[in-house]
Amino acid sequence: MTILNNPFSLLFIASISLFLFRVILIKTGFIFTFKRKWRCIKDCFHVYQFFKVPEFSESMQRNQLYYKVLLYLHSLASLEDSDFTNLFAGRKSNEILLRFDTNQIIEDDFLGAKMYWINQDKTLVLKIRKSDKRRVLQPYLQHIHTVFDEFDGRKRELKLYMNVVDDQKGRWRSVPFTHPSTFETTAMESDLKIKVKSDLESFLIAKQYYHELGRVWKRSYLLYGASGTGKSSFVAAVANFLSYDVYDIDLTKVSDDSDLKFLLLQTTAKSVVVIEDLDRSLSEKSTAVSSSGILNFMDGILSSSCGEERVMVYTMNGKDHVDPAILRPGRIDVHIHFPLCDFTAFKTLANSYLGLKDHKLFPQVEESFQNGSSLSPAEIGELMIANRGSPSRALKSVINALQTEGDGNGGQRGRKAVEESGEPSGVFCTEGANAVKEFK
């Protein structure tokens with residue numbers, strides 16, 4: 001009996017041949033071509049329906065579903081098995097992130113159905129068999145919402161958005177927001193920190209209350225004080241505390257009032273929208289945006305329509321020469337003065353920069369502050385960084401700088417700043433029933 005006449009031998013030869021064929025496919029590029037061709041063959045026997053998820057709506061508002069789907073797709077294990085994908089460094093030193101690329105196709109399985117996602121320019125396309133659509137489409141979209149909500153409930157990766165001159169790719173560019181500032185590291189009086197955190201926590205749970213009042217669910221802050229007093233670090237601390245993205249609007253890149261409204265339209269919920277040095281932009285006419293445009297940005301119809309779940313922050317060096325209409329309750333809910341450094345703020349800096357809770361040189365530093373000398377937190381921080389190898393040397397450099405400040409031009413810069421502002425150090429003002437109420 002020959003081998004060809006033996007069925008067991010034929011089965012054995014066929015098995016070996018199939019095994020070798022699979023090895024050849026896996027070890028070479030044939031497997032890639034084979035899978036693609038097989039997909040095309042299967043497509044000939046099925047009718048598909050396509051659903052588009054654009055990044056922007058017809059009114060040019062950001063489509064929240066687009067970002068939910070994108071986050072969901074980035075969480076899929078099948079992203080690693082696709083033909084190609086983008087690799088990015090994560091927030092941690094050894095973290096590598098996989099990201100969806102243009103024209104890439106990702107497969108997903110849900111309730112026994114195959115779902116295909118195609119990344120087109122600013123549009124995600126869902127390809128699903130028409131026979132499966134009625135059974136799985138709605139549960140699948142709900143599944144995406146659930147995954148997003150679970151992820152969003154945890155600490156999400158924050159982004160910093162910056163506006164650019166108008167082009168085909170949109171008005172905002174983003175980078176990961178990795179600023180380490182927190183309320184614990186911010187040089188601010190403890191009581192004031194507690195008031196601010198309490199105000200933010202009250203805002204987070206007040207959606208229904210705002211809507212019952214017929215008001216948009218947002219909160220606005222004015223931060224004013226000399227340069228280097230910690231306003232930008234405070235903004236970062238707010239964003240980290242709320243786990244909100246940051247939209248930093250550069251007014252010099254805004255073409256007119258309508259353009260400013262358009263930028264607001266393209267911000268998303270759970271974000272901190274910031275305009276820095278507003279007083280300088282208005283006084284020096286360094287921007288094409290008018291005072292009327294700023295007022296409409298703060299509480300106009302558009303702001304009331306698309307400003308939900310946002311914290312608006314405006315920074316100024318001083319508010320004495322600013323139009324009172326900008327500062328009135330309703331447009332600005334909370335005023336926070338950032339003074340030059342005092343001894344309390346100095347101790348916070350010493351703990352953060354040098355790890356010192358006390359030191360034998362602290363009494364000399366306190367005496368310098370009591371004599372009226374002061375520096376900005378940024379100036380003191382730089383001295384501590386430069387001398388971080390020796391805490392004693394760092395404190396001596398701060399004492400020398402304070403004494404030099406005390407001997408030059410009157411030596412009353414800190415006291416003078418408070419007197420000119422008419423506000424005590426670190427005042428927290430919030431909207432009352434008929435007037436601004438102060439918490440000291």
Side-chain angles (χ1 to χ4, degrees), residues 56-64 161-166 170-173 203 206-207 210-211 213-224 231 235 238-239 244-336 429-432 434-436:
F56 300 101
S57 66
E58 293 180 355
S59 60
M60 292 309 294
Q61 280 189 284
R62 289 182 179 270
N63 183 1
Q64 296 299 315
Y161 291 87
M162 298 156 288
N163 61 303
V164 297
V165 178
D166 193 13
R171 297 301 312 278
W172 291 105
R173 296 288 180 273
F203 163 75
K207 179 178 182 179
Y210 273 73
H211 288 181
L213 294 176
R215 295 184 55 171
V216 63
W217 181 33
K218 67 176 182 178
R219 196 71 170 155
S220 55
Y221 292 82
L222 169 66
L223 316 180
Y224 66 102
K231 298 187 293 294
V235 173
V238 169
Y244 276 17
D245 295 324
V246 177
Y247 285 83
D248 187 8
I249 298 179
D250 183 353
L251 289 179
T252 63
K253 296 180 180 178
V254 180
S255 59
D256 53 31
D257 294 350
S258 297
D259 192 29
L260 182 61
K261 292 181 181 179
F262 186 75
L263 287 172
L264 178 61
L265 188 66
Q266 292 196 340
T267 62
T268 59
K270 293 188 176 180
S271 61
V272 179
V273 183
V274 186
I275 297 181
E276 296 189 277
D277 298 325
L278 180 59
D279 55 334
R280 187 179 64 185
S281 297
L282 293 175
S283 63
E284 296 178 0
K285 302 298 182 181
S286 57
T287 174
V289 179
S290 66
S291 297
S292 176
I294 294 294
L295 295 177
N296 287 327
F297 176 85
M298 288 177 161
D299 68 347
I301 293 295
L302 182 65
S303 175
S304 301
S305 301
C306 64
E308 279 280 287
E309 206 171 358
R310 288 166 176 79
V311 172
M312 318 294 288
V313 180
Y314 310 93
T315 73
M316 301 179 182
N317 286 333
K319 60 178 184 177
D320 295 336
H321 304 293
V322 176
D323 185 351
I326 292 178
L327 306 177
R328 72 163 176 80
R331 292 196 173 109
I332 302 290
D333 302 313
V334 179
H335 295 198
I336 304 178
C429 312
T430 185
E431 178 185 351
N434 299 306
V436 172

How far apart are the closest heavy atoms of [X] and [Y], and which atoms are they?
| X | Y | answer |
| --- | --- | --- |
| T287 | V254 | OG1-O, 4.3 Å |
| F203 | Y210 | CD1-OH, 4.4 Å |
| M316 | V322 | SD-CG2, 3.6 Å |
| F297 | I249 | CZ-CD1, 3.7 Å |
| A288 | S255 | CB-O, 3.0 Å |
| L260 | G293 | CD2-O, 4.0 Å |

Hey, could you give me the [atom1]/[atom2] distance between [X] and [Y], rounded to the nearest 0.5 Å?
| X | Y | atom1 | atom2 | result |
| --- | --- | --- | --- | --- |
| L251 | D259 | CG | CG | 10.5 Å |
| L263 | K253 | CG | NZ | 11.5 Å |
| D245 | W172 | CG | CH2 | 11.5 Å |
| S220 | D299 | OG | CG | 9.0 Å |

So, R310 side chain and T267 main chain: donor-acceptor pair closer than 3.5 Å or not?
yes
Does the S271 side chain pair with the main chain of Y244, one donor and one acceptor, at a distance under 3.5 Å?
no
Heavy atoms, side chains only, cut-off 4.5 Å: are [X] and [Y] in contact?
| X | Y | answer |
| --- | --- | --- |
| N317 | R280 | no |
| L264 | M298 | no |
| M162 | D250 | no |
| K319 | I326 | no |

Where does the angle between the aromatic ring planes of Y161 and Y247 fall among parallel (under 30°), tilted (30 to 60°) and perpendicular (over 60°)?
parallel
Tell me, please, which residues at least two apart from S290 pass side chain to side chain donor-acceptor pair (under 3.5 Å).
D257
Given the options K218, K207, K270, E308 meets side-chain contact (heavy atoms from CB on, under 4.5 Å) only with K207
Which of these passes side-chain contact (heavy atoms from CB on, under 4.5 Å) with V313: L223, V238, L222?
L223
Yes or no on side chain to side chain contact (heavy atoms under 4.5 Å, CB included) for Y314 and Y224, after CA distance, side-chain angles and deciding distance?
CA-CA 8 Å; Y314 310 93; Y224 66 102; over 6 Å; no
Residues D323, R331: salt bridge by 4.0 Å N-O rule:
no
